[in-house]
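Have a look at the structure below before the remarks.
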Amino acid sequence: ADKKTFIPSAKNDEVLKKDIKLELKNISSNKLKIIIESIKICPDWHSGKGGKAWMFIDEIIINEK
């Protein structure tokens with residue numbers, strides 16, 4: 001399977017917008033599985049340190065050629 005991994009910058013408390021493009025060629029499928037893993041607990045430098053980490057996904061756009 002095709003895969004892209006992104007590691008966030010250390011000590012970044014800002015809202016991050018990331019556009020990710022992945023070209024899949026010669027694939028025939030009616031399903032797409034996206035796995036997003038959080039850091040689970042806010043690190044010590046974060047204002048919410050020790051609390052649950054949150055991740056918000058705004059949009060997923062799939063263009064079929």
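- A pairwise comparison of heavy atoms in A53 and S38 identifies O-OG, 4.5 Å as the closest pair.
- Across every non-hydrogen atom of M55 and E37, the tightest pair is CE-O, 3.5 Å.
- A continuous path of Ile, Leu, Val, Met, Phe, Trp and Tyr side chains, each step under 4.5 Å between heavy atoms, connects I60 with I36, placing both in one hydrophobic cluster.
- The CD1 atom of I39 lies 14.0 Å from the NZ atom of K52; values are rounded to the nearest 0.5 Å.
- Under a hydrophobic-cluster definition in which Ile, Leu, Val, Met, Phe, Trp and Tyr are linked whenever side-chain heavy atoms come within less than 4.5 Å, directly or via other members, I62 and I34 are assigned to the same cluster.
- In terms of heavy-atom proximity, D44 sits nearest to K49 at O-CD, 3.3 Å.
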